[in-house]
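In what follows, a single structure is set out as structure tokens and then discussed.
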Amino acid sequence: MISRIDLRGDALPEGGALRDLLPRAEFDVEAALEKVRPICEDVHHRGTAALIEYAQKFDGVTLEQVRVPVEALKAALDELDPAVRAALEESIRRARIVHREQRRTEHTTQVVPGGTVTEKWVPVERVGLYAPGGRSVYPSSVVMNVVPAQEAGVESIALASPPQKEFGGLPHPTILAACALLGVDEVYAAGGAQAVAMFAYGTTGPDGCPPANMVTGPGNIWVAAAKRYFTGRIGIDTEAGPTEIAVLADSTADPVHVAADLISQAEHDPLAAAVLVTDSAELADAVEKELEPQVAATKHVEDRIKPALAGKQSAIVLVDSLEDGLKVVDAYGAEHLEIQTADAAAWAARVRNAGAIFVGPWAPVSLGDYCAGSNHVLPTGGCACHSSGLSVQSFLRGIHIVDYTRDALAEVTHHVVTLAEAEDLPAHGAALKARFGWKVPTP
């Protein structure tokens with residue numbers, strides 16, 4: 001059901017050589033880019049008409065308008081299962097607690113007497129958020145995108161989610177209910193690359209969508225490709241690929257827990273990655289044995305879980321020691337990393353590369369997906385080696401404000417002129433000399 005990679009016996013290679021030995025899903029955004037380009041440009045030129053046409057082509061629905069009526073949002077919330085509503089409200093409450101603490105404040109540094117640099121943090125004006133449809137419905141992604149944007153102070157928030165044939169061309173009602181709970185009333189029935197294009201270019205008309213400064217949210221390869229296409233025109237969070245879980249475990253880990261956690265991510269998608277890194281062959285055997293009955297007892301077996309576990313992106317990786325295991329998980333840079341070892345907190349503290357780290361047996365990835373308070377929009381495909389998950393900071397821009405008096409400028413002018421001339425940019429120095437009668441002040 002799942003393959004093994006044995007890295008025992010020899011010294012582990014460094015850097016890219018080690019990464020090349022580890023399992024990873026194939027996710028060719030560059031190839032998808034050429035397919036989304038005409039879709040994006042069609043939305044640019046035809047706007048809402050193109051969105052309606054793509055809804056028919058890709059989603060099998062006939063739309064009269066793309067924007068979801070506010071009445072539909074209210075109705076979805078009124079009809080929401082009370083238990084689901086309570087769970088969403090608790091998810092929102094915990095996410096707000098965590099993300100509110102992330103908000104940065106203005107800070108002024110006195111560099112010299114009379115010379116200060118202030119860094120102020122300004123939210124982007126408008127964001128377009130994407131909530132996937134397709135195999136599953138993700139109201140949790142609505143929460144994870146909207147809450148940090150709101151806590152950052154973003155004034156204009158719009159959300160897009162694919163139209164669903166089952167619900168008369170509206171996005172899934174639980175998505176709509178989550179929007180209503182969060183106070184987001186600008187919602188569009190649009191999916192895939194065309195939704196990203198709608199936010200990037202904007203559309204006109206009675207249900208038109210003003211262009212956004214930034215687009216965030218997970219999606220399929222077409223969404224990722226559209227984000228790449230528009231990079232530079234809009235800000236993006238990340239080009240999200242298939243979801244990943246890595247578990248660093250030793251002989252103290254419970255194989256029932258480990259197997260269940262691997263399956264929990266495999267049920268997302270046939271390209272989902274489930275990786276166990278362990279120095280215990282006994283644990284590896286026990287987990288592999290435990291996978292069989294747990295997989296058989298769950299849902300989405302043939303179309304998602306089995307292909308995901310059997311795919312080249314999933315494996316049990318055997319190492320000589322937890323020190324080697326730490327090197328492996330750092331090279332892998334997992335979206336989600338569980339540490340199920342003795343003294344798990346100490347090992348977790350040493351991890352450098354992961355989207356989010358889950359410490360010990362009572363902090364499974366599923367907790368983070370919904371109600372830990374952390375954000376589940378995280379870097380995939382090894383991008384955790386250089387990128388972070390979605391947060392309040394994602395929606396803020398740091399702006400430096402430079403304020404110098406005449407004396408403070410005079411004191412440093414000779415350095416500025418010297419550096420300008422060293423770079424053969426004399427006009428830079430002249431801009432200061434002009435303020436002092438074209439003479440460099442004596443420091």
Side-chain angles (χ1 to χ4, degrees), residues 27 32 35-36 39-40 43 48 50-69 72-73 75-77 79-81 84 88 91 127-146 157-182 184 186-199 207 209 212 215-227 237-243 265 267-272 299-300 303-304 369-370 376-377 380 390:
F27 195 71
K35 294 185 178 180
V36 304
I39 294 173
C40 293
V43 173
T48 300
L51 295 171
I52 289 173
E53 185 175 305
Y54 289 123
Q56 178 66 58
K57 180 177 180 180
F58 297 129
D59 304 299
V61 300
T62 301
L63 299 180
E64 293 184 4
Q65 63 182 53
V66 176
R67 183 158 177 174
V68 176
L73 300 174
L77 183 57
E79 296 167 10
L80 185 64
D81 183 312
V84 176
L88 281 172
S91 177
V127 298
L129 310 178
Y130 188 79
R135 288 187 175 88
S136 297
V137 54
Y138 293 101
S140 57
S141 287
V142 178
V143 175
M144 299 296 171
N145 279 270
V146 171
I157 299 175
L159 185 136
S161 191
Q164 306 287 317
K165 190 173 185 178
E166 182 181 354
F167 301 107
L170 293 174
H172 195 285
T174 314
I175 295 286
L176 301 183
C179 290
L181 275 175
L182 288 157
V184 174
E186 186 183 346
V187 181
Y188 298 89
Q194 58 271 28
V196 180
M198 175 187 71
F199 287 137
D207 64 338
C209 174
V215 173
T216 72
N220 59 20
I221 192 169
W222 312 115
V223 172
K227 286 182 177 180
D237 50 349
T238 185
E239 295 176 8
T243 190
Q265 291 305 111
E267 77 171 337
H268 275 287
D269 188 277
L271 290 178
K299 195 178 178 183
H300 310 304
D303 61 329
R304 303 183 206 174
D369 283 342
Y370 299 110
H376 80 198
V377 182
T380 60
L390 199 67

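Computed from heavy atoms alone, side chains included, the values below leave out hydrogens, waters and symmetry copies. Note that the coordinates shown come from a computational prediction; the quantities given were computed from them, not determined experimentally. Counting begins at 1 with the first residue of the sequence.
With sequence neighbours left out, Glu267 forms a salt bridge (Lys or Arg N to Asp or Glu O under 4.0 Å) with no residue at all. Partners of Glu53 by side chain to side chain donor-acceptor pair (under 3.5 Å), not counting sequence neighbours, listed by chain and number: Arg46. Taking the ring-ring contact (aromatic ring centres under 6.0 Å, His included) definition, one finds that Tyr138 meets it with His268, sequence neighbours left out. Residues satisfying the side-chain contact (heavy atoms from CB on, under 4.5 Å) test with Ala193, not counting sequence neighbours, are Val36, Ile39, Cys40, Ala226. Legend: residues meeting side-chain contact (heavy atoms from CB on, under 4.5 Å) with Ala32, ordered by chain and number and at least two apart, are Ile221, Trp222, Ala225. Taking the side-chain contact (heavy atoms from CB on, under 4.5 Å) definition, one finds that Pro242 meets it with Ala25, Phe27, Leu271, sequence neighbours left out. Not a single salt bridge (Lys or Arg N to Asp or Glu O under 4.0 Å) links Asp207 to another residue, sequence neighbours left out. When the side chain to side chain donor-acceptor pair (under 3.5 Å) test is applied to Ser141, the partners found at least two apart in sequence or on another chain are His376. For Thr216, the side chain to side chain donor-acceptor pair (under 3.5 Å) partners are Asn145, not counting sequence neighbours. In this structure, the side chain to side chain donor-acceptor pair (under 3.5 Å) partners of Tyr54, at least two apart in sequence or on a different chain, are Asp42.
Not one N or O on the side chain of Thr243 forms a donor-acceptor pair closer than 3.5 Å with the backbone of Ala272. The backbone N or O of Gly217 sits less than 3.5 Å from a side-chain atom of Lys227, completing a donor-acceptor pair.
The shortest side-chain heavy-atom distance between Leu88 and Val143 falls under the 4.5 Å cut-off. Within the 4.5 Å cutoff, the side chain of Val127 has no heavy atoms near those of the Val215 side chain. Asp369 is not listed as a side-chain neighbour of Ser140, based on a closest heavy-atom distance of 4.5 Å or more.
Smallest separation of non-hydrogen atoms from Glu239 and Ala224: CG-O, 3.9 Å. The two residues Tyr130 and Ala195 come nearest to each other via the heavy atoms CE1-CB, 3.8 Å. The two atoms that bring Ala212 and Gly128 nearest to each other are CB-N, 3.6 Å, heavy atoms only. Closest heavy-atom contact between Val184 and Ile157: CG1-O, 4.0 Å.
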Side-chain polar contacts of residues 56-68 - donor-acceptor pairs under 3.5 angstrom, sequence neighbours left out - could you list them?
from	atom 1	to	atom 2	distance (Å)
Gln56	OE1	Thr62	OG1	2.5
Gln65	NE2	Arg67	O	2.8

Which side-chain N or O atoms in residues 174-181 pair as donor and acceptor under 3.5 Å with protein atoms at least two apart or in another chain?
from	atom 1	to	atom 2	distance (Å)
Thr174	OG1	His172	ND1	3.2

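The environment of CZ in Phe167 is crowded: more than 12 heavy-atom neighbours from other residues, nucleotides or ligands sit within 6.0 Å.
Rounding to the nearest 0.5 Å gives a distance of 9.5 Å between CE of Met144 and OH of Tyr370. Distance check, rounded to the nearest 0.5 Å: CG of Leu51 to CE of Met198 gives 6.5 Å.
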Take Val142 and Leu159, measure what side chain to side chain contact (heavy atoms under 4.5 Å, CB included) needs, and give me the verdict at the end. CA-CA 8 Å; Val142 178; Leu159 185 136; 3.9 Å; yes

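None of Cys209, Pro162, Pro171 except one satisfies the side-chain contact (heavy atoms from CB on, under 4.5 Å) rule with Tyr188; the exception is Cys209.
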